[in-house]
Amino acid sequence: MVNDPFRAVAHPIRRRMIERLGNGPATVGEVTSDLGVSKPTITKHLKILEEAGIIVRHVVGRTHRLALNPAALIDAVTWVDRQRALWERMFDTVEEHLANKEQTNVTDTAMPTAVRIERTYRAPADVVFDAWTNPEVIRKWWHAGPDWDTAEAQVDLRVGGRLRVVMRDTEGVEYTGTATYTVVERPSRLGWIWHGEEGEAGTGSRCDLEISERDGVTRVVLTHSGLPDQHAAAELREGWGLCLDNLDTVLAR
């Protein structure tokens, strides 16, 4: 049973549920709509929040209404308040770090409804292309966190072919993404239409991958466009960044 408020609010989907309930009680449908995950996954996230006591469910007939229980977050809020002074002293250091990062060979930028991420690798373009198209290699890196894993990867590498990736987080919750290839040009280009969690949120957004090699260094530019709003762009930027951090590790071996 989860009773740690920090763990309960660690996942972005659960934080979005809490944010929606900040405006007052709401039905389960209102709290969980357009989150881009399947109903079983929604059920698991709600269970974690309920077990932590952060949300309370009231059932009237066939209607399930959810409400926040702020008292369950007191310990977390108290700890954050104690750390605030320390964080404020660290802001200058973080700002300097971010300024330095802009000068490195890794550049991540985001537009309102699109995400553009650039990475460079000391690996041949063929090897990088295989990392995006070989199911065995995909399972080593295509998951949004260093402690997650990829339970399944299926690739039908042709225009009109299907890509399917099943990620699993540290709590055993699975997230399935599917796509249809629109461009396959080895080793320089890949394109696909992203369908999100089994065809739910994100359906119709587009991913374009450009791969170029020069002097033993391969440059990769990933653009994910056609996103519904800035919130979706921010979440996908974070998710892709975590996945590509894993890929950095795989290609560095």
Side-chain angles (χ1 to χ4, degrees), residues 1-19 32 35-54 72-73 75-76 79-80 83 87 90 94 97-98 101 104 106 108 110 115 117 119 121 123 128 130-155 163-179 194 196-198 200-202 207 220 222 224 231-253:
M1 180 175 179
V2 178
N3 55 15
D4 181 352
F6 290 100
R7 183 183 177 198
V9 302
H11 199 284
I13 286 179
R14 295 197 288 272
R15 292 197 296 271
R16 287 184 68 182
M17 293 178 180
I18 293 171
E19 289 170 3
T32 62
L35 290 178
V37 293
S38 63
K39 289 183 178 179
T41 300
I42 288 293
T43 299
K44 291 178 182 179
H45 283 304
L46 285 175
K47 182 179 179 182
I48 289 171
L49 289 172
E50 290 183 77
E51 288 181 342
I54 293 173
L73 293 170
D75 288 344
W79 182 87
V80 169
Q83 299 301 311
W87 292 348
M90 293 174 63
V94 173
H97 168 75
L98 292 176
K101 185 178 180 181
T104 69
V106 177
D108 296 5
V115 174
I117 302 178
R119 300 282 172 112
Y121 306 100
V128 176
D130 285 342
W132 283 88
T133 58
N134 184 315
E136 292 185 8
V137 183
I138 287 174
R139 290 188 62 181
K140 296 178 181 179
W141 68 268
W142 198 316
H143 37 263
D147 298 325
W148 290 32
D149 66 85
T150 300
E152 181 182 343
Q154 298 176 7
V155 176
L163 166 68
R164 185 172 188 268
V165 177
V166 181
M167 298 181 289
R168 184 164 50 208
D169 68 15
T170 56
E171 296 163 354
V173 179
E174 293 185 346
Y175 305 86
T176 301
T178 61
W194 186 249
E197 176 87 357
E198 291 291 6
E200 294 180 359
C207 292
V220 174
L222 171 66
H224 195 152
H231 188 89
E235 286 200 346
L236 278 166
R237 181 173 183 266
E238 178 183 9
W240 275 123
L242 291 167
C243 289
L244 294 178
D245 287 347
N246 297 331
L247 180 56
D248 292 348
T249 301
V250 170
L251 290 175
R253 293 172 182 168

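Everything numeric here is computed off the predicted structure, so don't read it as measured data. Computed from heavy atoms alone, side chains included, the values below leave out hydrogens, waters and symmetry copies.
Between Leu49 and Met17, some side-chain heavy-atom pair lies under the 4.5 Å cut-off. Residues Glu235 and Pro12 are in side-chain contact: their nearest non-hydrogen atoms beyond the backbone lie under 4.5 Å apart. In this structure the side chain of Met167 reaches within 4.5 angstrom of the side chain of Val165, judged on heavy atoms.
Checked against salt bridge (charged side-chain N to carboxylate O under 4.0 Å, His left out), Arg15 has no partners two or more places apart in sequence or in another chain. Residues satisfying the side-chain contact (heavy atoms from CB on, under 4.5 Å) test with Asn246, not counting sequence neighbours, are Trp141, His143, Pro146.
Classification of Asp147 and Arg168 as a salt-bridged pair fails, no side-chain N sitting under 4.0 Å from a carboxylate O. Salt bridge Glu152/Arg139: absent, no basic N to carboxylate O contact under 4.0 Å.
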Trace of the ring pair (Phe, Tyr, Trp, His ring centres under 6.0 Å) decision for Trp142 with Trp240: CA-CA 9 Å; Trp142 198 316; Trp240 275 123; 5.4 Å; yes

Report the C-alpha separation of Lys44 and Glu171 in whole Å, then their side-chain angles, then the decisive distance to 0.1 Å, and conclude whether the salt bridge (Lys or Arg N to Asp or Glu O under 4.0 Å) test is met. CA-CA 9 Å; Lys44 291 178 182 179; Glu171 296 163 354; over 6 Å; no

CA sep, side-chain torsions, deciding dist, call: Asp149, Lys140, salt bridge (Lys or Arg N to Asp or Glu O under 4.0 Å): CA-CA 7 Å; Asp149 66 85; Lys140 296 178 181 179; over 6 Å; no

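Closest non-hydrogen pair, Ile138 versus Ala153, comes out as CG2-CB, 3.8 Å. When all heavy atoms are compared, the tightest approach of Val115 to Ala233 is CG2-O, 3.2 Å. Between Ala144 and Gly239 the shortest heavy-atom distance is CB-O, 4.2 Å. Here the shortest heavy-atom pairing between Val9 and Ile54 reads CG1-CD1, 3.8 Å. Minimum heavy-atom separation, Gly53 to Ala72: O-CB, 3.3 Å. Minimum interatomic distance between Val137 and Ala131 (heavy atoms only, all atoms of both residues): CG1-CA, 3.6 Å.
Taken from CG in Leu244 to CG in Leu251, the straight-line distance is 10.0 Å, to the nearest 0.5 Å. Residue Thr41 holds its OG1 atom at 7.5 Å from CD1 of Ile13, rounded to the nearest 0.5 Å. Within the model, atoms CG of Leu163 and OG1 of Thr133 stand 10.0 Å from one another, a figure rounded to the nearest 0.5 Å. Once rounded to the nearest 0.5 Å, the distance linking CH2 of Trp132 with SG of Cys207 reads 8.0 Å.
A donor-acceptor contact shorter than 3.5 Å is absent between the side chain of Arg14 and the backbone of His45. Side chain of Asp130 to main chain of Asn134: no donor-acceptor pair is present (N/O by atom type, distance under 3.5 Å, no hydrogens or angles).
The aromatic ring centres of Tyr175 and His11 sit less than 6.0 Å apart.
For the 3.5 Å distance criterion, the side chains of Trp194 and His224 fail to qualify, holding no donor opposite an acceptor.
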